Amino acid sequence: MKSTKIVIVGGVAGGATAAARARRLDEQAEIVIFERGEHISFANCGLPYYIGGTIKKRDNLLVTTAEDFTNRYRIDIRSSCEVLSIHRTEKKVEFKNLLTGTTDTESYDKLILSPGAEPIRPPLPGIDSKQIFNLRNIPDTDRIKEYVDQKKPDRAVIVGGGFIGLEMVENLATKGIETIIIEKMNQVMAPLDYEMASLIHEHLWMKQVDCKLDSAVSSFKEAADKIVVTTDRGEEIECDLVILSIGVRPENTLARESGLEIGKSGGIKVDSSMKTSDPDIYAVGDAVEVMDYITQRPVVMPLAGPANKQGRIAADNALGRKTLFPGTLGTSIVKIFDLSVASTGASEKVLKSANTPYEVSYTHAASNATYYPGAVMLAFKLIFSPGSGRILGAQIVGEKGVDKRIDVIATAIRGNMTVFDLEELELAYAPPYSSAKDPVNIAGYVGANILKGDMNILNWDELENIDQNRYRLIDLREDIELKLTGTINEAIHIPLDTLRDRLSELDKDIHYLTFCAVGLRAYIAHRILVQNGFKSTNMSGGYITWTGFQETPE
């Protein structure tokens, strides 16, 4: 029986994983990888940390070398070779050796495309300056690191507040470089909802990072040894280098020119088996359009985790196994100075655009037992279905313990779990790691209370629209808390422990909005009020949530 010949275009997460999986499934298969760059597999996500010095050795960025990969898997690796075209009828690819300039063809039985994504580099005046960098691969990293180490810049501008941009902010700042972010949106970290991103804005401000939101770059201009960045607001910022982190777009040229179907998002259209519109061609990674697990809408999700899974699935199906990709949750996490910022599933803004009903709860719970040193608060936004309580998404911001909580929620979503299930989860507890009621449990309790009708909630963005004649705020915190932080509008101040004794001061024709620091005391007050015949609503997440989501100081 003739062995299957698999040709893979592109290495790194998707392509290299597909090759390794194919070899494990079929020892006799002929496997060829074409990689345009020098490196078959490297740690994209580690590049900023090498520039900043956290990762000391460049070789640590190499997941494997072509030589090691060949020795282990007996795969024909063609580094520095670019595939120029696909001849689908003949089932051949034409490629060019970038070192010699020669061209040739290679036949295939099954073709797997893993071309990745290319950085967006808009045609702005002055963008070809040698002081402007993208960060996508190891050669890019080498150029930035060499410039930073030799030129020792004082100030850098980061254009774009996504994952790479924010990681570069931290890593340049650790080298003593003043950093400025220019972001076209009104927030950094587009996957987050605005109020959660605003916690990052506050942290960046505290770290003396100038974050210019609602600003777009209009031009660049070299001035002596500096470069001047001009924004659409007319502001001119002089700096020593610029990192473009505007985003990426799928590298779909090869697929498009060969007649493969391209999705509306710009990604190569594939089905759940990662098969393209050609039954003998698969595509994986940053270049493909897949389904969002929650909304079932097509999306492009340039993340390493999904790319690895897709590579494995494509290899399975190319060799006759039936494996399906169920869609992506977009689970992600990023370190920004002292903060960890994570999300999974659908955001509130995505659900609004999809006209999907949802409920939201905000909780603030400690990362570990508060009596054990080092406990810090986690800001936790949970999004769930109003009827079943099915978990739709979550966003968490905090200094530690964020990663394990977001992973629990991601797992819960894939298991079609509800807020009621979160209440019952038995999670590992010891004082250094958590509390007997983990932040995940607490988020579940609050969500369940909302659905059971034990708590009516008002979210932070609804407060400004209330009728002051019908609603009255009650601040349940202690005197010292108000002296330190102030209160909201002209709230009545009744410390929780005195509320029962002061019910006679309240009017049953008024609807009371209870709040405290994080929500627990306000919930208790709400239960006291409604059981004594008063109308009451609890402000979700409390005063900390409301103040944290106000505009960042200038």
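All values derive from a computational prediction rather than experimental measurement.
No donor-acceptor distance shorter than 3.5 angstrom exists from the side chain of S3 to the backbone of A29, with no hydrogens or angles considered. Although no hydrogens or angles enter the test, the distance criterion places a donor-acceptor pair under 3.5 Å between the side chain of S540 and the main chain of Y362. Using modelled atom types, no side-chain atom of N308 and backbone atom of G305 make a donor-acceptor pair closer than 3.5 Å. A donor-acceptor pair under 3.5 Å is formed between the side chain of Q187 and the backbone N or O of L192. Panel note: side chain K349, backbone D193; no donor-acceptor pair is recorded below 3.5 Å. When atom types are taken as modelled, the side chain of Q296 and the backbone of D292 share a donor-acceptor pair closer than 3.5 angstrom. Side chain of T344 to backbone of G393: no donor-acceptor contact under 3.5 angstrom is found. Judged by distance alone, the side chain of R36 and the main-chain N or O of P115 form no donor-acceptor pair under 3.5 Å. Judged purely by atom type and a 3.5 angstrom limit, D26 has no side-chain atom pairing as donor or acceptor with the backbone of R23. Judged purely by atom type and a 3.5 angstrom limit, K275 has no side-chain atom pairing as donor or acceptor with the backbone of S272.
Side-chain atoms of T17 and R312 include no donor-acceptor pair closer than 3.5 Å. Judged by distance alone, the side chains of T276 and D278 never bring a donor and an acceptor atom under 3.5 Å apart. E38 and S79 share no donor-acceptor pair across their side chains, judged by distance under 3.5 Å alone. Between the side chains of T323 and D316, at least one donor N or O sits under 3.5 Å from an acceptor N or O.
Using a cutoff of 4.0 Å between basic side-chain nitrogens and carboxylate oxygens, E195 and K381 are scored as salt-bridged. Under a 4.0 Å N-O distance rule, the pair K212/E183 does not qualify as a salt bridge. The residues E251 and R136 are annotated as salt-bridged, a charged nitrogen and a carboxylate oxygen being separated by less than 4.0 angstrom. Comment: R143 engages D140 in a salt bridge, judged by a side-chain N to carboxylate O separation of less than 4.0 angstrom. Ion pairing of K5 with E106 is present here, as a side-chain N (NZ or NE/NH1/NH2) and a carboxylate O approach within less than 4.0 Å. The pair R58-D142 counts as a salt bridge, with a side-chain nitrogen and a carboxylate oxygen less than 4.0 angstrom apart.
Closest of all the heavy-atom pairs between R21 and A315 is CG-CB, 3.7 Å. Smallest separation of non-hydrogen atoms from S114 and G11: OG-O, 3.7 Å. Pairing each heavy atom of A394 with each of I406, the nearest pair is O-CD1, 3.8 Å. Taking every heavy atom of both residues into account, G285 and A307 meet most closely at CA-CB, 3.7 Å.
Cation-pi geometry between R405 and F380 is not satisfied (NZ or CZ under 6.0 Å from the ring centre, within 45° of the ring normal). Remark: K309 fails to qualify as a cation-pi partner of F325 under the 6.0 Å distance and 45° angle criteria applied to the six-membered ring.
Distance check: F384 CZ to I391 CD1 gives 9.5 Å after rounding to the nearest 0.5 Å. Between atom CD1 of residue I51 and atom CD of residue E167 there is a gap of 10.5 Å, rounded to the nearest 0.5 Å. Between the CZ atom in R78 and the CD1 atom in I8 there is a gap of 12.5 Å [rounded to 0.5 Å]. Here I313 contributes atom CD1 and R321 contributes atom CZ; the two are 13.0 Å apart, rounded to the nearest 0.5 Å.
Few gaps surround CD on E82; more than 12 heavy atoms of other groups in view lie less than 6.0 Å from it. In this structure, E67 places its CD atom where only 12 or fewer heavy-atom neighbours from other residues, nucleotides or ligands lie under 6.0 Å away. More than 12 heavy atoms of other residues, nucleotides or ligands shown are found within 6.0 angstrom of CZ on R121. Other residues, nucleotides and ligands place no more than 12 heavy atoms under 6.0 Å from the NZ atom of K184.
Using a 4.5 Å cut-off on side-chain heavy atoms (C-beta onward), L113 and Y282 make no contact. Counting only heavy atoms from C-beta outward, the side chains of N317 and M274 never approach each other to under 4.5 Å.
Remark: aromatic rings of F133 and Y147 are close, center separation under 6.0 Å.
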request  = Go through the steps for T4 and D109 under the test side-chain hydrogen bond (donor to acceptor under 3.5 Å, both in side chains), then give the verdict.
outcome  = CA-CA 6 Å; T4 302; D109 296 317; 5.2 Å; no

(request) May I have the step-by-step check of side-chain hydrogen bond (donor to acceptor under 3.5 Å, both in side chains) for S343 and Q395, ending in yes or no? (result) CA-CA 4 Å; S343 66; Q395 298 161 38; over 6 Å; no

